[in-house]
Amino acid sequence: MKKLETRDDIELLVNKFYEKVQHDDTIGFFFNDVAKVDWSKHLPKMYSFWETILFGQMTYKGNPMAVHFPINEKIPMEKRHFEHWVKLWTATIEENFSGEMAETAIYKANNIANLMGFKMETATRLNKN
Ligand code: HEM
């Protein structure tokens, strides 16, 4: 299996991941119906995000947490959604890549998803009070 080592690899990974996400019964609606994502803009952002996280190429400038709060206000993003996100991400990596960087991509996604899940849950709780 191929190592995860170039920007092209990241593009392939991200494309295949969001292909799954778009058609997914558990989290697809956040992208398709709640945020009505423009994929031609979202995908290049995600290439840069992962290139920055994994290869230290600082091509992504943004606040990944911030964009999720308005979505969470419309429909709460729950722990089970993040767990499912991570499941799809892990499956996409394991179907296409192996090696240390592939492992790192799984590990980092888990960390960010946990943190994001915690922040969304806290925001949902505060919004209710
Ligand atoms: C249930 C889980 C998640 C859902 C439903 C979700 C949903 C979304 C949606 C709908 C957008 C697009 C917002 C827009 O352009 O209108 C977005 C952007 C983004 N998401 Fe997520 N997301 C999830 C988890 C994650 C995780 C775990 C990560 C990181 C590992 C992540 C990283 C990002 C980044 C980097 C952006 C682009 C931010 C920017 O515009 O600069 N998301 N997400």
Side-chain angles (χ1 to χ4, degrees):
M1 192 94 74
K2 213 197 158 306
K3 282 186 182 165
L4 178 53
E5 51 194 354
T6 64
R7 164 91 182 192
D8 280 353
D9 294 338
I10 288 194
E11 292 191 9
L12 185 133
L13 167 63
V14 167
N15 289 342
K16 288 195 181 246
F17 172 66
Y18 285 104
E19 187 62 37
K20 283 196 207 297
V21 167
Q22 257 189 79
H23 299 105
D24 185 80
D25 288 344
T26 309
I27 59 170
F29 73 96
F30 280 112
F31 296 83
N32 300 323
D33 308 324
V34 183
K36 297 188 174 65
V37 166
D38 178 346
W39 294 100
S40 69
K41 294 201 176 113
H42 183 61
L43 293 174
K45 265 190 218 167
M46 298 314 294
Y47 307 149
S48 296
F49 175 74
W50 283 107
E51 192 178 37
T52 301
I53 299 266
L54 296 177
F55 303 154
Q57 299 284 340
M58 305 305 273
T59 50
Y60 173 78
K61 291 188 180 59
N63 186 339
M65 292 296 162
V67 302
H68 296 85
F69 286 110
I71 301 165
N72 187 61
E73 275 182 33
K74 288 184 188 154
I75 311 257
M77 292 164 67
E78 297 168 12
K79 190 163 179 256
R80 66 189 174 92
H81 296 126
F82 286 97
E83 283 168 357
H84 194 73
W85 189 106
V86 167
K87 198 174 133 193
L88 295 181
W89 178 253
T90 305
T92 316
I93 292 182
E94 288 176 348
E95 283 157 15
N96 295 283
F97 297 100
S98 64
E100 209 171 303
M101 196 55 87
E103 300 286 324
T104 303
I106 294 172
Y107 175 77
K108 297 222 169 173
N110 265 286
N111 282 349
I112 301 168
N114 283 339
L115 178 65
M116 204 181 271
F118 174 74
K119 282 184 187 259
M120 296 308 133
E121 204 183 320
T122 307
T124 303
R125 212 178 314 123
L126 291 174
N127 286 341
K128 278 188 191 149
N129 293 332

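Just so you know, ligand 1 is whichever comes first in the structure, and atom 1 is the first atom listed for that ligand. Heavy atoms only: backbone and side chains are in, while hydrogens, waters and symmetry mates are out.
Tested against S48 for a side chain to side chain contact (heavy atoms under 4.5 Å, CB included), the candidates M58, Q57, R7, K61 yield a single pass: R7. A ring pair (Phe, Tyr, Trp, His ring centres under 6.0 Å) with W50 is found for one member of F17, F55, W89 and no other, namely W89.
For atom 28 (C) of ligand 1, the nearest non-hydrogen atom from the set M120, M116, K79 comes from M116. For atom 5 (C) of ligand 1, the choice among Y60, W85, F30 with the nearest heavy atom turns out to be F30. Nearest-heavy-atom check against atom 6 (C) of ligand 1 across W89, W39, W50, F31 picks out F31. The option with the heavy atom closest to atom 10 (C) of ligand 1, from among N111, V67, I71, is I71.
The pair K87-E83 does not meet the salt-bridge criterion, since no charged nitrogen lies less than 4.0 angstrom from a carboxylate oxygen.
Against a heavy-atom cut-off of under 4.0 Å, A113 is close to the following atoms of ligand 1: 27 (C). For ligand 1 and P64, the ligand atoms under 4.0 Å from any heavy atom of the residue are 35 (C). Residue M46 approaches ligand 1 through these ligand atoms, each under 4.0 Å from one of its heavy atoms: 32 (C), 33 (C), 34 (C), 35 (C), 36 (C), 37 (C).
Looking only at protein heavy atoms, the nearest one to atom 14 (C) of ligand 1 is V37 CG2, 4.5 Å. The nearest protein atom to atom 29 (C) of ligand 1, hydrogens excluded, is given as I112 CG2, 3.6 Å; this is a heavy-atom distance. What sits closest to atom 4 (C) of ligand 1 on the protein, heavy atoms only, is M77 CE, 3.3 Å. In this structure, atom 18 (C) of ligand 1 lies nearest to the protein heavy atom H42 CE1, 3.3 Å. If you check which protein heavy atom lies closest to atom 33 (C) of ligand 1, you get H68 CE1, 3.4 Å. Of the protein's non-hydrogen atoms, the one nearest atom 15 (O) of ligand 1 is K45 NZ, 4.4 Å. Protein heavy atom in closest approach to atom 16 (O) of ligand 1: A35 CB, 4.1 Å.
Judged by distance alone, with hydrogens and angles left aside, the side-chain atoms of N32 form a donor-acceptor pair with the main-chain N or O of Q22 at under 3.5 Å. Formation of a donor-acceptor pair under 3.5 Å by the D24 side chain with backbone atoms of K20 is not found in this model. Remark: side-chain polar atoms of K36 are paired, donor with acceptor, to backbone N or O of D33 under 3.5 angstrom.
If you take CG on N15 and CD1 on I10, they are separated by 11.5 Å, rounding to the nearest 0.5 Å.
At most 12 non-hydrogen atoms from other residues, nucleotides or ligands lie less than 6.0 angstrom from CG of D25. Around the CZ atom of F118, the shell of radius 6.0 Å holds no more than 12 heavy atoms that belong to other residues, nucleotides or ligands.
Contacts between K108 and ligand 1 below 4.0 angstrom, taking non-hydrogen atoms only, are absent altogether.
Defined by atom type and a distance below 3.5 Å, a donor-acceptor pair is missing between the side-chain atoms of T124 and N127.
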